[in-house]
Amino acid sequence: MGIYNDINAIKRRDPAARHALEIILTYNGMHAVWIYRITHILWKIRLKTLARLLANTARFLTGVDIHPAAKIGKRFVIDHGSGVVIGETVVIGNDVLIYHQVTLGGTGNDSSAKRHPTICDCVMIATGAKILGDIKIGAMAKVGANAVVLQDVPPGATAVGMPARIITSKEAIEMNCSLSKKENDY
């Protein structure tokens, strides 16, 4: 049932995905998630060295680095997976979509504390975003391309910039309008 849900999640989110066989054979982000699910089971039953070895093999094959201890929900999609890093204490909810070069990382070496982000349900994280530390990205939030997020993002909000700032829907519309005007100037 899980593989079927994963394939359907990709079909819903990626207009280039034509059919299930193509997804099964060619989507490295999905391969990384499937291997992660195996490594996570190994981690939970205390076969940690084997889990890390398999995770490193997956990183070599897919370009995606997911720590076996991370907690990832259902229908998680990594589109164009290359360069994605997901740290040990990351928690990801259901129906999350991330793009390539995204880092969900820590800010310190304290192994006894949660040091990576929590990503709630239905979040979209765009290309190159860096979300660092024990922070929370609220449900249905969006993180813009190349944003560096160092503080919580409220549910439904959008974080953009370096360092990221929260913009309202009105600000997002104004930004899109100003970009459209610049494009029409040429």
Side-chain angles (χ1 to χ4, degrees), residues 2-43 50-107 115-133 135 137 140-150 153 158-164:
I3 290 174
Y4 176 79
N5 285 334
D6 290 337
I7 290 169
N8 281 336
I10 289 176
K11 282 183 177 179
R12 280 194 313 275
R13 292 183 178 103
D14 186 354
R18 292 184 292 248
H19 49 79
L21 184 60
E22 179 183 48
I23 293 167
I24 290 168
L25 295 176
T26 66
Y27 275 66
N28 70 320
M30 195 78 280
H31 298 153
V33 171
W34 290 337
I35 295 169
Y36 153 78
R37 301 229 188 261
I38 295 167
T39 66
H40 187 66
I41 291 167
L42 293 171
W43 189 269
L50 183 58
R52 291 297 298 266
L53 181 62
L54 184 55
N56 283 341
T57 302
R59 180 183 51 170
F60 175 76
L61 295 173
T62 65
V64 176
D65 185 359
I66 306 175
H67 194 285
K71 295 178 180 135
I72 298 176
K74 297 175 183 172
R75 297 173 302 278
F76 174 56
V77 174
I78 302 172
D79 195 359
H80 302 288
S82 222
V84 170
V85 177
I86 299 173
E88 180 179 12
T89 62
V90 167
V91 176
I92 298 175
N94 298 322
D95 300 302
V96 171
L97 169 64
I98 67 174
Y99 290 91
H100 61 284
Q101 300 295 323
V102 167
T103 298
L104 305 178
T107 56
R115 59 191 187 283
H116 297 96
T118 296
I119 312 298
C120 295
D121 294 345
C122 303
V123 170
M124 189 280 298
I125 304 171
T127 302
K130 309 299 178 228
I131 302 173
L132 305 174
I135 61 173
I137 309 299
M140 300 185 73
K142 294 179 182 174
V143 177
N146 295 314
V148 177
V149 184
L150 303 171
V153 176
T158 300
V160 297
M162 202 180 311

Closest contact, heavy atoms only, [X] versus [Y]:
X: Tyr27; Y: Ala16; value: OH-C, 4.0 Å
X: Gly81; Y: Asn28; value: N-OD1, 3.7 Å
X: Glu88; Y: Arg115; value: OE1-NH2, 2.8 Å
X: Gly93; Y: Val96; value: O-CG2, 3.7 Å
X: Gly105; Y: Pro117; value: O-CD, 3.4 Å
X: Leu132; Y: Gly106; value: CD2-O, 4.4 Å

Q) Can you check side-chain contact (heavy atoms from CB on, under 4.5 Å) on Ile86 and Phe76, steps first, answer last? A) CA-CA 13 Å; Ile86 299 173; Phe76 174 56; 3.9 Å; yes
Is a donor on one side and an acceptor on the other found under 3.5 Å between the side chain of [X] and the backbone of [Y]?
X: Thr103; Y: Val85; answer: no
X: Thr127; Y: Tyr99; answer: no
X: Lys130; Y: Leu150; answer: no
X: Thr62; Y: Val64; answer: yes
X: His40; Y: Ala70; answer: yes

If I take atom [atom1] from residue [X] and atom [atom2] from residue [Y], how far apart are they, to the nearest 0.5 angstrom?
X: Ile23; Y: Ile3; atom1: CD1; atom2: CD1; result: 12.5 Å
X: Ile131; Y: Leu104; atom1: CD1; atom2: CG; result: 5.5 Å
X: Asn8; Y: Arg75; atom1: CG; atom2: CZ; result: 10.0 Å
X: His100; Y: Ser82; atom1: NE2; atom2: OG; result: 8.0 Å
X: Ile72; Y: Ile92; atom1: CD1; atom2: CD1; result: 4.5 Å

Q: For His31, check side chain to side chain donor-acceptor pair (under 3.5 Å) against everything at least two apart and list the hits.
A: none
Q. Do the side chains of Ile66 and Thr39 get nearer than 4.5 Å, heavy atoms only?
A.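 Thr39 vs Ile66: side chains apart.
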Q. Can you tell which of Ile135, Ile125, Val91 makes a side-chain contact (heavy atoms from CB on, under 4.5 Å) with Ile119?
A.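 Exactly one option meets the side-chain contact (heavy atoms from CB on, under 4.5 Å) with Ile119, and it is Ile125.
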Q: Applying side-chain contact (heavy atoms from CB on, under 4.5 Å) between Val77 and each of Leu97, Asp14, Asp95, report the one that passes.
A: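 Per the side-chain contact (heavy atoms from CB on, under 4.5 Å) rule, the option paired with Val77 is Leu97, out of Leu97, Asp14, Asp95.
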Q) Could you walk me through whether Asp121 and Lys74 pass the salt bridge (Lys or Arg N to Asp or Glu O under 4.0 Å) check? A) CA-CA 10 Å; Asp121 294 345; Lys74 297 175 183 172; over 6 Å; no
Q.
Check this for me: Lys142, atom NZ, are more than 12 non-hydrogen atoms of other residues, nucleotides or ligands nearer than 6.0 Å?
A.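 Not buried by this count: 12 neighbours or fewer within 6.0 Å.
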Q | side-chain contact (heavy atoms from CB on, under 4.5 Å) between His67 and Val90, intermediate numbers included | A | CA-CA 9 Å; His67 194 285; Val90 167; over 6 Å; no
Q: Sequence neighbours left out, what passes salt bridge (Lys or Arg N to Asp or Glu O under 4.0 Å) with Arg37? Give chain and number order.
A: none
